[in-house]
Amino acid sequence: MRTNLTDFQTRLKALSHTPEVLKGIGRGVEREALRISAQGDLSSTPHPAQLGSALTNQWITTDFSESLLEFITPVSRSVPETLGQLHDIHRFTIQNLGDEKLWPMSMPCFFGTEDDIVLAQYGKSNLGRMKTLYREGLKHRYGSVMQIISGVHFNFSFPDSLWRHLFGNQGEEQQQASISDAYFALIRNYYRFGWMIPYLFGASPALCGSFVEKSGTSLKFEKTDHNTCYLPYATSLRLSDLGYTNSAQDEIKVGFNSLEQYIDGVKQAINTPSPEFARIGVKDASGQYRQLNTNALQIENELYAPIRAKRVAKSGEKPSEALSRGGVEYIEVRSLDVNPYSPVGIDSHQIYFLDLLMLWCLLTPSENMDESELDCWRDNWQKIVLEGRKPGLTLKIGCNGERLTQADWGKRVFAELRPLAELLDQANGTSCYQQTCDELETWFEHPEKTLSGRLLNDVIAKGCVNSVSHELSDSHVEFFKHSDSKGHFSNDTLMQEATDSLARQAALEDADNVSFDKYLADYFGYTS
């Protein structure tokens, strides 16, 4: 480590004299949502033209499938602003979906075949074709059903004022090295303590029976009379082996002790041939592409991780190249289920808590972590996602045998989050952070208040996860029909972006002057 780690209380005391350095946290949200028909089936229609180009629209795009929308907010420094942006984007989208709705859950309810899931289409440009081919590779490697699971990604960065407070006057290169080290210290602590996120906000304790049947899981589910499968204490089955945490990547080892170690691990994964994926082949017998390559990862984005170190990339720059160039700029938290009770998939309590947890993970000493310790912490996460609300459930405190119940450990953490909440409220002239602590701390004594607890109660009462989902999706449509713009994005602004994005896509297609084979060869640095 290039930075000196002091203990949490020392750093807290230093911050108490200058709470204003905490003002200006940067946030952005990426929310995924499946389009469904009025009858509740997965949409089979193309991406709506009124929403513009999925390739180039900066706020509304698609993820794996043509029906899996993704809404992206720009960076803002205010929680109400972030939620207002998300509201306006959702409002505009709902108004342009006709009779279609948004599925409000992370886990899909899907009765068709894999081939019924249409891959996202991005046009005729080489870039667009590559994005679709990448998804073709995911389909062959992991199956399409897993890829239409939805989540919420939370992008987070600390203000420059906090870095100056922590590191003093450093040269630009030295300060960026210190910032990168600090973010990786945070990431290690996230693996240690981030299980609190699925405990509090996991919202996938129950699944449609058709999804479970396709999974081949050995988990012992209970069932309702309407073929809904659930685990009585589960929080986030999305984060289990049923979801996006893919067991096929268990052999990939990426370390988090330094920027250099992380980049080396990612580069090794994208350059290591996989015998399993080689059997799929790059092309079929007719010469049609089936995947980008046969390596352990086709591209870096294929790495499934609950948190990522990020930097905004320049045009044509790979994520690891951006990190090598400038160090860590922000982190992407990827462990959030869609909040089915929020029309935009996330609420203010969640964001305020994430602010607190990220700051606490930064300020808490974070020793280096080897693979065996990482496995130890992963075991805690697995227990939480499968039985996190179980009374008296114990978790490991490190890897030396000490254990605490999830409730006792949660209270310990909240005891240190509370003074941070006071400082953040001082910095921002609010009481929101302390109110969040007041509410969420009670969820450890009353697990029925968690999102998974609420949802499972509703599912059991209705007997069917589909019934709950349709009621919620209908209520969200009604909400947006009768809500006004929050003033962050007008309909005219969003319509203009849709129009401009179509023009940008057309310009990309007109500018292509090499074959697709040559484009891929240049991108990956090999001879086609």
Side-chain angles (χ1 to χ4, degrees), residues 25-33 70-73 76-91 93-94 102-106 150-156 194 196-205 235-236 238 332-359 410 414 417 421 424-425 428 430-444 446-458 468-469 471-480 482-489:
I25 289 171
R27 308 170 193 83
V29 172
E30 303 166 22
R31 186 263 167 109
E32 300 162 349
E70 184 173 2
F71 308 115
I72 303 170
T73 70
S76 81
R77 308 287 168 180
S78 156
V79 175
E81 182 179 14
T82 297
L83 289 171
Q85 292 167 343
L86 207 53
H87 170 278
D88 289 350
I89 295 169
H90 277 74
R91 179 174 175 269
T93 300
I94 289 291
L102 299 180
W103 185 252
M105 305 285 188
S106 278
S150 303
V152 174
H153 299 165
F154 180 70
N155 298 314
F156 179 95
M196 296 179 70
I197 295 172
Y199 175 83
L200 294 167
F201 307 131
S204 50
T235 62
S236 177
R238 167 182 166 267
E332 179 188 31
V333 174
R334 298 164 53 84
S335 300
L336 283 166
D337 285 359
V338 175
N339 181 343
Y341 298 104
S342 166
V344 299
I346 188 172
D347 67 22
S348 59
H349 273 324
Q350 292 177 276
I351 296 180
Y352 288 123
F353 174 78
L354 289 169
D355 285 357
L356 285 166
L357 185 65
M358 294 306 102
L359 180 58
F414 266 88
L417 293 183
L424 281 165
D425 279 333
N428 292 282
T430 68
S431 59
C432 300
Y433 289 97
Q434 293 171 83
Q435 290 172 9
T436 293
C437 283
D438 290 343
E439 174 59 30
L440 296 186
E441 188 173 4
T442 68
W443 293 12
F444 285 94
H446 299 280
E448 70 277 5
K449 291 184 176 183
T450 64
L451 291 188
S452 61
R454 289 175 60 192
L455 184 59
L456 188 57
N457 284 339
D458 289 346
V468 176
S469 298
E471 285 187 9
L472 288 169
S473 62
D474 288 341
S475 70
H476 295 166
V477 169
E478 287 302 308
F479 171 81
F480 286 116
H482 298 99
S483 68
D484 296 324
S485 168
K486 298 296 184 183
H488 300 287
F489 292 115

Got a second to check how far Leu417's CG is from Thr436's OG1, nearest 0.5 Å? 10.5 Å
For His476 and Pro104 the tightest heavy-atom approach is CE1-CB, 4.0 Å
Taking Ser106 for the side chain and Val338 for the main chain, is one N or O donor matched with an acceptor at less than 3.5 Å? yes
Quick note, salt bridge (Lys or Arg N to Asp or Glu O under 4.0 Å) partners involving residues 344-359, not counting sequence neighbours, are Arg27-Asp355
Short question: side chain of Ser236, backbone of Ala203 - any donor-acceptor pair under 3.5 Å? no
Those residues that, when tested against Ser483, pass side chain to side chain donor-acceptor pair (under 3.5 Å) (two or more places apart): His87
Looking at CZ of Arg238 and CG of Leu336, how far apart are the two atoms once the value is rounded to the nearest 0.5 Å? 7.5 Å
Over 60° means perpendicular and under 30° means parallel, so tell me whether Phe444 and Phe414 are parallel, tilted or perpendicular. perpendicular
Closest approach of Thr450 and Pro447, non-hydrogen atoms and distance? OG1-O, 2.7 Å
Counting distance only, does the side-chain N/O of Tyr341 pair as donor-acceptor with the main-chain N or O of Leu455 below 3.5 Å? yes
If I compare all heavy atoms of Thr235 with all of Pro198, which pair ends up nearest, and what's the gap? CB-O, 3.2 Å
What pairs with Thr93 under side-chain contact (heavy atoms from CB on, under 4.5 Å), at least two apart in sequence or on another chain? Leu51, Ile60, Leu69, Phe71, Ile89, Leu97
Find out whether Met358 and Ile25 are in side-chain contact, i.e. whether some heavy atom of one side chain is under 4.5 Å from a heavy atom of the other. no
So, using side-chain contact (heavy atoms from CB on, under 4.5 Å) as the criterion, who are the partners of Thr430 when residues are at least two apart? Asp425, Asn428, Cys432, Tyr433
Over all heavy atoms of both residues, which pair between Phe353 and Leu200 is shortest? Give the atoms and the distance, please. CZ-CD1, 3.7 Å
Nearest heavy-atom approach of Ser78 to Pro80 is OG-CD, 3.1 Å
Donor-acceptor contact present, side-chain His488 to main-chain Leu86, <3.5 Å: no
Euclidean distance, Asn339 CG relative to Met105 CE, rounded to 0.5 Å: 10.0 Å
Arg31 and His90: which non-hydrogen atoms are nearest, and at how many Å? NH1-NE2, 2.9 Å
Would you say Ile351 and Phe156 make side-chain contact, with heavy atoms under 4.5 Å? no
By side-chain contact (heavy atoms from CB on, under 4.5 Å) - contacts of Lys449 (at least two apart): Glu439, Thr442, Trp443, His446
Output for pair (Ser348 OG, Gln435 CD), nearest 0.5 Å, gives 9.0 Å
Note, Leu451 side chain near Asp337 side chain (heavy atom, < 4.5 Å): no
Treating Thr73 as the side-chain partner and Val29 as the backbone partner, does any N or O pair qualify as donor plus acceptor under 3.5 Å? yes
In this structure, OG of Ser204 is separated from CG of Leu456 (nearest 0.5 Å) by 11.0 Å
Sequence neighbours left out, what passes side-chain contact (heavy atoms from CB on, under 4.5 Å) with Ile72? Give chain and number order. Glu30, Thr61, Glu70
With side chain to side chain contact (heavy atoms under 4.5 Å, CB included) as the test, would you mind laying out the steps for Leu440 and Tyr352 before giving the verdict? CA-CA 11 Å; Leu440 296 186; Tyr352 288 123; over 6 Å; no
If I take atom NE2 from residue His482 and atom CD from residue Glu478, how far apart are they, to the nearest 0.5 angstrom? 5.5 Å
